[in-house]
Amino acid sequence: MKYPIRNGVILVGVLLVGLGLYSSWNVEKRLPPLDYTAFLAQLSAGEIKRVEIIGGKINAVDKYDQEFQTFSPDIQWLLPRLEEKNVTIRARPQPKNFGFFESTLPLVLVLGAWLYWSRKSRQADTGLKGKASLVPQDVAGKVTFADVAGIDEAKAELMETVEFLRDSTRYTRLGGRIPKGVLLQGPPGTGKTLLAKAIAGEAGVPFFSLSGSDFVEMYVGVGASRVRALFEEAKKNSPCIIFIDEIDAVGRSRGGGGPGHGGADEREQTLNALLVEMDGFQSDETVIIVGATNRPDVLDPALRRPGRFDRQVTILPPDVKGRAMILAVHGRNIKMADDVTMDMVASTTPGFTGADLANLMNEAALMAARKDKERVELVDIEEAKDKILMGAERKGMVIRDEEKKVTAYHEAGHALVAMLLPEADPVHKITIIPRGRAMGVTQQVPLDDRHSYSREYLMDRIKILLGGRTAEEIVFNRFTTGASNDLQVTTEIATRMVCEWGMSPIVGPRAYVDADEGFLGGRQQRTAYSESTGQLIDAEINKIIEDCLQETMILLQGKEQFLHNLARHLLVKETMNGDEVEKVMKESG
Ligand code: ADP
Ligand code: ZN
C-alpha cells in the first residue's frame, strides 16, 4: 500500500502543477531535439534530472544541465521508469487553444489511466502481502535444525552460514567477506523453506521471505521497488536472512523468458534490482540471501557469480534412512501403536519427499482419530498412503512399485556390466532414488584423471550405458523410456569415435567435425562430406553400437543370478556403494 499512495501524491501533484501552469504558460520553448531511444538510454544511465511533459512531448534536463526535447509514444509506460530513476516530473497539457472541456479531456484520460494503473498495482501489492512482507518472521528458537531430518549433508554445509550470522566479526576479522548468497536447489517439498527458516532459527535472526512467482504478475516497476524496500528493511535488521522462494521465476536467464503479460520486462527489472542490491552491501551488514529453486538449470548465470549466490546446496528426496528420520520428526507428537516402526513405513514410501511424509503422518493421525482409535496403526498409515498416492500420481513424484522394480533392474544392469569389464571405472554408487529427470543413477568414479581414451575404454562405456536397457529386456522382455538419456550418450560417443577420433577402420583417420569445439564442448557440427561418406559414417556408428549391444547381452545373460541379487538388494536399500555391490557379486558366484 505504501507505494501507490506515494505515487498518488506525486501524480496528483504533477496534475495540479500542470493545471496551474496551463493558463499562464502558453509560449512553447524551442529546444534541440533528441531521439527517444537516446533519451531512454540516458534515462536508464540515470543521467536525466528532470522532465516536463507536455502532451507526448518531453522537455528534459540532464545532469550536465543540457536541455533538449523528445517525443514519447507512450507516456504511461514511461512514467514509472521516470519515477524509478528519481526524475523530477512536471506535466502540462498540450498548449493549444482548446475550449475548457476539450483541454481537460487529456487530463481526465491521464487521470483515469493512472487510477486504473494504481488500482492494478495495488492489487498486485495485496497479492504480495503476507508473502513478501516487510515484517520479518520471528523464527528464533521455533524452527531449528532439529526439525530438519534426513538431509545431514545439507545441514552440515549450512551450519557455516549459521556461524556467520551468529558472529560475523569473527570471520571478517582477517579481511574475509561473508558470503552473501546461498542457493538451495532441489525438488518441491524437500525442505528448502524449512531449512532456510532453520538457519534463521538457529542463529536467532529475523527471517524475511518473498516468492519469485509473485513478481511475475506485477505491474512493471513494482517488483524492483519491492526488492529495494525489502533490502532496505533487511539492512536495518542485520544480521538477518532474506529467503527468496522460486527464485527461478525472477532469475530465469535473460532471453529465455516465456511469453506473458509484462512478464519478461518485469522479471528483468526485478532481477536487476536484486543483483544491484546484492552487490551493494556494506561489509558491516550481515544479510544473507537464501534462494530456493527446483529449476537450477534455467537460472541466469549472473546469479551464480562470486559475491552473489556462490554457495549452492543440492537437496534430493531422502533415501530410506532419511525417510525414517523425517518420519520420526513428524511422528514426535503422534500416538503410535507399539508394533509400528518408522523403518517399516520408510521402506514402503520410496520417492516420498519430506513434505509427503509430513502429510502422510498427519493424514494417518486424522484417519485413526476418525475411527475413534487410541493410537495410529499400520492400517491407518497404509490408508493415508493410498490417499496421498492417488492424489500424487498426477504429479508423477512418487514411484509405484512396478516402476521401482524396473528401475532397480535397469541400474543393476549398468552396474553389473561395469563390474564385469576390466577397462571400466569402478562403480561408486547406485541409487534408485529419482534424481532430476532420471529414475536412478549409477555413478562411476575414474581411478585417475584420464585425458585420453582408448577405443576399448569407449566401447566399454557404451556397453555400460546399454546395460540398463538390456537388463530390462532380459527380465521384463520390454523397454521403458527410462533409457533415453543412455541412448543419447551412447550415440554421441559412437559418433565421435567415428567422426572425431578416427577410430573406425573403414572411415579411417579423418575428422568430420568442426575442430574448434572442445572435448566437452557439447554438440558437434559435422563438416561437409559426400553422400557416400555419410552412409559409411552412419554404417560405422551403427556397427559400433550393434557390436556393443550383442556383447552386453551375452555378459548379462551369463550373470543373471548376479543381476537378480543386485536388483533385489537395490529394492531394499535403494542406495548402494561400490563395496556393497562387490559383496553381492562375490555372493552370486
Ligand atoms: P520446499 O521449500 O523444498 O518446497 P518445504 O520446506 O516447504 O519444502 O517443506 C514443506 C514441509 O515438509 C515442511 O514444512 C516440513 O513439515 C516437511 N519437510 C520437508 N522436508 C523435511 C525434512 N527434511 N525434515 C522434516 N520435515 C520436512
Ligand atoms: Zn540408465
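What you are looking at is a predicted structure, and each value in this text was computed from that prediction instead of being measured.
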Pair R170-E163, side chain to side chain contact (heavy atoms under 4.5 Å, CB included): steps then yes or no: CA-CA 9 Å; R170 182 171 148 208; E163 295 287 322; 3.8 Å; yes
Test salt bridge (Lys or Arg N to Asp or Glu O under 4.0 Å) applied to R173 - qualifying residues, sequence neighbours left out: none
Which atom of D138 lies closest to which atom of K142, heavy atoms considered: O-NZ, 3.1 Å
Any residue meeting side chain to side chain contact (heavy atoms under 4.5 Å, CB included) with V162, in chain and number order, not counting sequence neighbours: F145, M159, R166, I199, E202, A203
Minimum heavy-atom distance A234-V287, with the two atoms named: O-CG2, 4.0 Å
Qualifying ring-ring contact (aromatic ring centres under 6.0 Å, His included) pairs with a residue from residues 151-186, counting only residues at least two apart or across chains: F164-Y171
By salt bridge (Lys or Arg N to Asp or Glu O under 4.0 Å) - contacts of E246 (at least two apart): none
L194 CG to I315 CD1 distance, which is reported to the nearest 0.5 Å: 9.0 Å
For D152, all residues meeting side chain to side chain contact (heavy atoms under 4.5 Å, CB included), sequence neighbours excluded: K155, M325
Verdict with supporting geometry, V290 and L184, side chain to side chain contact (heavy atoms under 4.5 Å, CB included): CA-CA 7 Å; V290 180; L184 303 179; 3.7 Å; yes
Residue pair F208 / L230, side-chain heavy-atom distance below 4.5 Å: yes
Worked verdict on L303 versus L271 for side chain to side chain contact (heavy atoms under 4.5 Å, CB included): CA-CA 9 Å; L303 277 170; L271 174 61; 3.9 Å; yes
Nearest-0.5 Å distance that lies between atom NZ in K197 and atom OG1 in T193: 7.0 Å
Inter-residue atom distance D245.CG - S209.OG, 0.5 Å rounding: 8.0 Å
From K235, R228, R226, residue fulfilling salt bridge (charged side-chain N to carboxylate O under 4.0 Å, His left out) relative to E277: K235
Any donor-acceptor N/O pair, D279 side chain to V276 backbone, under 3.5 Å: no
D310 vs P179 side-chain heavy atoms within contact, under 4.5 Å: yes
All side chain to side chain contact (heavy atoms under 4.5 Å, CB included) counterparts of R304, not counting sequence neighbours: L183, Q185, P296, L299, Q312
Considering all heavy atoms, the nearest P239-V205 contact: O-CB, 3.3 Å
For the student: nearest non-hydrogen atoms of V329 and A149, plus distance: CG2-CB, 3.6 Å
H330 and L357: CA distance, side-chain angles, deciding distance, side chain to side chain contact (heavy atoms under 4.5 Å, CB included) verdict: CA-CA 8 Å; H330 289 282; L357 294 168; 5.6 Å; no
All side chain to side chain contact (heavy atoms under 4.5 Å, CB included) counterparts of V87, not counting sequence neighbours: L43, I48, V51, L82, K85
Sub-4.5 Å side-chain heavy-atom contact between T431 and D319: no
4.5 Å side-chain heavy-atom contact, L275 and R308: yes
Residue list, side-chain hydrogen bond (donor to acceptor under 3.5 Å, both in side chains) with D248, at least two apart or on another chain: T293
From I241 atom CD1 to Q137 atom CD, the distance as rounded to the nearest 0.5 Å: 12.0 Å
Backbone N/O of T353 and side chain of D356: donor-acceptor pair under 3.5 Å: yes
L465 side chain near L487 side chain, heavy-atom distance below 4.5 Å: no
Which residues share a salt bridge (Lys or Arg N to Asp or Glu O under 4.0 Å) with K180, sequence neighbours left out: none
Straight-line distance of I242 CD1 to L274 CG, nearest 0.5 Å: 8.5 Å
Residues forming a side-chain hydrogen bond (donor to acceptor under 3.5 Å, both in side chains) with D167, sequence neighbours excluded: T169
Any residue meeting ring-ring contact (aromatic ring centres under 6.0 Å, His included) with F207, in chain and number order, not counting sequence neighbours: F243
Carboxylate-amine/guanidinium proximity below 4.0 Å for R496 and E492: yes
Euclidean distance, T190 OG1 relative to L316 CG, rounded to 0.5 Å: 8.0 Å
Residues that R305 engages under salt bridge (Lys or Arg N to Asp or Glu O under 4.0 Å), provided they are two or more places apart: none
Nearest atoms (heavy-atom pairs only) where G354 meets P318: N-CD, 4.4 Å
Atom of N294, atom of P187 and distance for their closest heavy-atom approach: CB-CA, 4.1 Å
Passing option when V489 is tested against D486, N485, T491 for side chain to side chain contact (heavy atoms under 4.5 Å, CB included): N485
Residue pair I289 / M278, side-chain heavy-atom distance below 4.5 Å: yes
